[in-house]
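Worksheet for the structure shown next.
Note that ligands are numbered from 1 as they come in the structure, with each ligand's atoms numbered from 1 the same way.
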Amino acid sequence: MINSKFPYIFYGGDYNPEQWQKEIIDEDIRLFKLSNINIVTLPVFSWALLQPSEDNYDFDWLDDIFDKLKKNDINICLATSTAVQPAWMSKKYPEMLPVDFEGRRRHFGGRVKFCPNSEKYREFSVRLATKLAKRYKEYENLALWHIGNEYDNYCYCENCRKKFIEWLKNKYSSLENLNNAWNNRFWGHTLYSWDEVTVPSALSEMWNGQNKICTNFQGIAIDYNRFMSDSILECYLGEYEAIKKITPNIKITTNFMGTFKPLDYFKWADYLDIISWDNYPCYGDEPSKVSMRHDLMRSLKNGKPFMLMEQSPNQQNWQPYNTIKRPGELRMQSFQTLAHGADSIMYFQMRQSVGACEKYHAAIISHSGSENTRIFKECSQIGEELKMLNDCTIDSIFDSKVAMIFDWENWWAVEFSSGPSVDLTYIPQIEKYYKSFYKNNIPVDFVKPEGDLSRYDIVVAPVLYMIKENVADNIKNFVENGGTFITTFFSGYVDENDKVKLGGYPADFKDLLGLWIEEIDALPMEKNNSIEIAPFIPGFKSSYKCDMLYDIINLEGAETLGVYGSDFYKGRPVFTCNNFGKGKAYYIGTNAENNFIDDLIKKIASNYSLNSYFNPIDGVEITKRIKGNKNIYFILNHNTFETSLTLKNSYINLFTKEKVENSIIVSEKDILILEEI
Ligand code: GLA
Ligand code: ZN
């Protein structure tokens with residue numbers, strides 16, 4: 001539970017009362033009550049007001065707001081306000097300001113613009129967090145802590161370079177090891193003194209090209225990402241530890257951003273008491289994309305419930321087309337979040353600003369100030385429904401038999417790679433396989449490559465290019481014991497420093513897959529080939545399109561299930577299966593069309609009867625959360641037409657408290673939450 005004093009779903013979000021006069025704040029609180037808001041996050045960006053100068057702090061204005069909120073029974077997610085250091089501080093201690101990728105020292109401006117290794121930043125941020133904790137530790141409505149905001153601040157300053165050298169010394173012990181790890185004999189890069197290490201930026205090994213950040217030395221670039229992710233984590237941890245000492249029983253979080261590349265969230269997750277994240281889907285994003293990100297966030301802490309810290313009640317301001325949410329869209333998005341394991345639904349923001357870049361970003365209370373807006377009413381309805389749910393879904397968990405391997409370091413390596421194709425990016429490959437499970441309502445967890453696979457039947461690892469220590473054994477153990485493993489092209493090539501493992505790709509997986517890859521062809525996306533399925537394989541069409549990459553495979557024990565339909569490698573294997581121990585390992589050596597993945601997943605899932613609880617209906621998303629011995633089903637009809645669902649047992653509709661059995665109609669764009677009885 002987020003906080004056992006408050007055993008209900010948190011509903012609310014970011015509130016910026018520092019931007020408003022007293023009368024408006026009073027009116028806001030009236031509107032919060034009206035829309036069933038029970039928590040607000042604040043003050044996220046108020047450092048400059050809380051600390052007007054080096055020796056002066058001012059918490060009086062915040063005390064007043066806290067009093068008002070308490071009188072109205074509204075809880076607080078207390079933000080430490082450290083995402084923007086005051087202008088005076090940046091001026092006085094310019095070393096706080098980061099140096100960007102192009103090598104320019106920034107001036108004060110924007111947000112999250114501080115060097116994560118700045119001693120002064122760390123000292124002042126910890127001091128502020130400590131003061132907040134001491135002042136509000138007895139405050140009854142303190143529900144949880146929110147440190148910083150959307151950390152993302154890579155820096156390339158001299159101070160970071162020095163810290164990078166320390167980090168490298170710690171990791172590699174000797175320069176010889178470092179030169180080896182980075183393959184520094186290439187292009188005459190051998191280093192003879194630690195001080196010769198440069199940070200990889202546009203001034204040294206990196207450049208912005210081919211629609212992505214490119215590098216001459218993948219090993220250096222990946223290590224710098226690791227180092228930056230660790231540095232920013234350390235910065236967060238300074239505040240975390242200070243707060244923990246003072247309020248040991250209040251959970252602490254910071255808001256993640258889903259598939260956000262710069263920070264290794266799996267590593268960070270150990271240092272958050274609860275995962276929270278900000279969900280801002282783009283116009284036209286399919287529901288499965290959002291579900292996948294919820295599942296990834298839930299998986300960071302082994303399936304424990306997470307928080308939705310932010311979503312927009314209506315349009316954003318920062319997308320190319322800031323589409324307003326269609327009627328029911330917000331409600332659907334909100335319950336989709338619960339359906340995937342969240343115990344809160346929170347927004348950015350409560351009241352719309354009058355100035356600066358977010359003034360056209362939606363809020364529950366719009367510029368009109370009215371409670372009669374479409375969005376205010378929809379928010380109130382969601383709040384009403386959450387009240388009905390009370391604690392029914394809180395702390396309930398998932399039971400997934402399918403895991404997809406996800407790895408930030410692998411993501412960095414795949415996309416820093418020079419070749420084989422500019423079209424190869426990591427996330428779309430993950431999304432593609434995820435979607436086939438999603439369509440069949442098969443729950444998926446995400447696991448890091450070295451994570452525990454023993455509770456799963458199926459493990460899928462698209463483009464698992466980097467194989468770190470123990471990973472190959474971890475996967476082999478899983479298959480030996482009867483699991484089914486699926487992997488693809490560009491998997492198993494390199495070690496953790498992006499150095500190729502010799503002896504034919506994928507070196508560590510050759511025995512597992514029963515094959516080795518001699519060459520990998522890359523063609524523009526408009527070219528394609530086909531996978532011709534062997535005639536004796538049921539459940540597949542005879543032929544599927546494929547594109548982008550084409551492995552030339554030599555078999556060493558695997559069975560061919562499909563071959564190429566054209567080019568000089570026509571007739572060579574592209575889709576194979578190998579028996580390994582008690583399990584099976586499938587390999588797909590090309591970027592196969594979605595129908596192929598759908599058919600493959602359907603077939604493999606049916607071997608384990610994974611898709612049993614409701615028959616899949618196109619556009620209807622169904623998940624199950626388990627609370628004690630109770631199964632709770634979330635049924636989300638994304639379609640613009642109603643659908644009838646055949647029920648296997650009897651259930652209580654948690655919105656109406658009515659008993660339902662046999663079948664039930666789910667209206668267009670509607671949601672049902674059914675508890676099995
Ligand atoms: C992020 C931030 C918020 C706000 C929103 C706008 O998620 O955390 O402060 O800027 O974006 O969409
Ligand atoms: Zn720096």
Side-chain angles (χ1 to χ4, degrees), residues 13-16 18-19 40-47 77 79-85 90 93-106 110-122 146-167 198-201 203 224 227-232 234-235 253-258 260 276-283 293 297 307-320 322-323 325 330 333 346-353 355-364:
D14 278 30
Y15 181 43
N16 302 308
E18 71 278 16
Q19 296 177 19
V40 289
T41 307
L42 87 176
V44 183
F45 298 108
S46 294
W47 195 347
C77 168
T80 59
S81 250
T82 50
V84 184
Q85 73 278 18
S90 308
Y93 301 102
E95 113 257 347
M96 263 187 199
L97 292 165
V99 167
D100 71 12
F101 180 73
E102 312 289 338
R104 298 167 300 202
R105 169 84 67 185
R106 288 188 60 96
R111 64 175 181 184
V112 202
K113 296 288 182 267
F114 51 85
C115 164
N117 285 304
S118 156
E119 291 303 328
K120 273 288 164 199
Y121 174 86
R122 290 191 183 185
H146 174 302
I147 294 182
N149 194 67
E150 294 191 337
Y151 283 100
D152 68 351
N153 42 322
Y154 274 34
C155 176
Y156 302 85
C157 76
E158 179 58 18
N159 184 37
C160 284
R161 189 183 75 89
K162 294 210 167 103
K163 294 279 178 191
F164 185 40
I165 294 171
E166 281 173 31
W167 186 92
T198 54
V199 298
S201 72
L203 297 183
Y224 203 68
F227 161 69
M228 268 295 135
S229 179
D230 286 357
S231 300
I232 300 169
E234 251 181 57
C235 204
T253 190
T254 183
N255 46 348
F256 284 171
M257 290 175 271
F260 180 68
S276 69
W277 84 285
D278 302 345
N279 176 31
Y280 290 96
C282 295
Y283 174 69
R293 283 152 178 87
M297 294 294 102
M307 293 181 66
L308 181 73
M309 187 56 86
E310 292 179 25
Q311 67 176 352
S312 181
N314 197 3
Q315 69 201 142
Q316 282 96 249
N317 65 290
W318 46 265
Q319 296 197 351
N322 293 290
T323 317
K325 290 195 171 151
L330 179 63
Q333 245 183 40
M346 291 162 70
Y347 300 102
F348 178 87
Q349 55 192 329
M350 307 311 290
R351 180 180 273 275
Q352 207 167 14
S353 298
C357 63
E358 285 178 346
K359 60 180 169 301
Y360 299 122
H361 191 295
I364 295 180

**OP:** List the steps, then state whether side-chain contact (heavy atoms from CB on, under 4.5 Å) holds for Lys325 with Ser312.
**Re:** CA-CA 9 Å; Lys325 290 195 171 151; Ser312 181; 4.1 Å; yes

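Each of Phe348, Tyr347, Trp277 was scored for a side-chain contact (heavy atoms from CB on, under 4.5 Å) with Glu310, with one residue passing: Phe348.
The protein heavy-atom contact nearest to atom 4 (C) of ligand 1 is Glu358 OE2, 3.3 Å. In terms of protein heavy atoms, atom 9 (O) of ligand 1 is closest to Arg111 NH1, 2.9 Å. Counting only heavy atoms of the protein, atom 6 (C) of ligand 1 lies nearest to His361 NE2, 3.2 Å. When hydrogens are left out, the protein atom nearest atom 5 (C) of ligand 1 is Tyr280 OH, 3.4 Å; that is the closest non-hydrogen contact. Closest protein heavy atom to atom 3 (C) of ligand 1: Glu310 OE1, 3.4 Å.
In summary, the atoms of ligand 1 found under 4.0 Å from a heavy atom of Phe45, numbered by their order in the structure, are 9 (O). Ligand 1 places these atoms under 4.0 Å from at least one heavy atom of Trp318: 6 (C), 12 (O). Of all atoms in ligand 1, listed by their number and element, those nearer than 4.0 Å to a heavy atom of Glu150 are 1 (C), 2 (C), 7 (O), 8 (O). Near Asn149, with a cut-off below 4.0 Å to any heavy atom, the atoms of ligand 1 are 2 (C), 8 (O), 9 (O). Within the listing of ligand 1, atoms 7 (O), 8 (O) sit less than 4.0 angstrom from a heavy atom of Asp278.
The aromatic rings of Phe114 and Tyr121 lie parallel to each other, with less than 30° between the two planes, well short of the 60° mark.
The angle that Cys155 SG and Cys160 SG make at the Zn ion (ligand 2), rounded to 10°, works out to 110°.
A salt bridge links Arg161 and Glu158; the closest N-O separation between the charged side-chain nitrogens and carboxylate oxygens is under 4.0 Å.
Annotation: Asn317 places no N or O atom under 3.5 Å from an N or O atom of ligand 1; distance criterion only.
To the nearest 0.5 angstrom, Ser81 atom OG is 8.5 Å from Phe45 atom CZ.
Contacts with ligand 1 closer than 4.0 Å are made by no heavy atom of Met309, backbone or side chain. With a 4.0 Å cut-off on non-hydrogen atoms, Asn255 touches ligand 1 through its side chain and not its backbone.
Remark: the Asn117 side chain and the Asn159 side chain contain no N/O donor-acceptor pair separated by less than 3.5 Å. A donor-acceptor pair shorter than 3.5 Å cannot be found between the side chains of Gln85 and Lys120.
For Tyr154 and Phe101, the distance between ring centers is not under 6.0 angstrom.
Counting heavy atoms from C-beta outward, Pro281 and Gln333 have side chains that approach closer than 4.5 Å.
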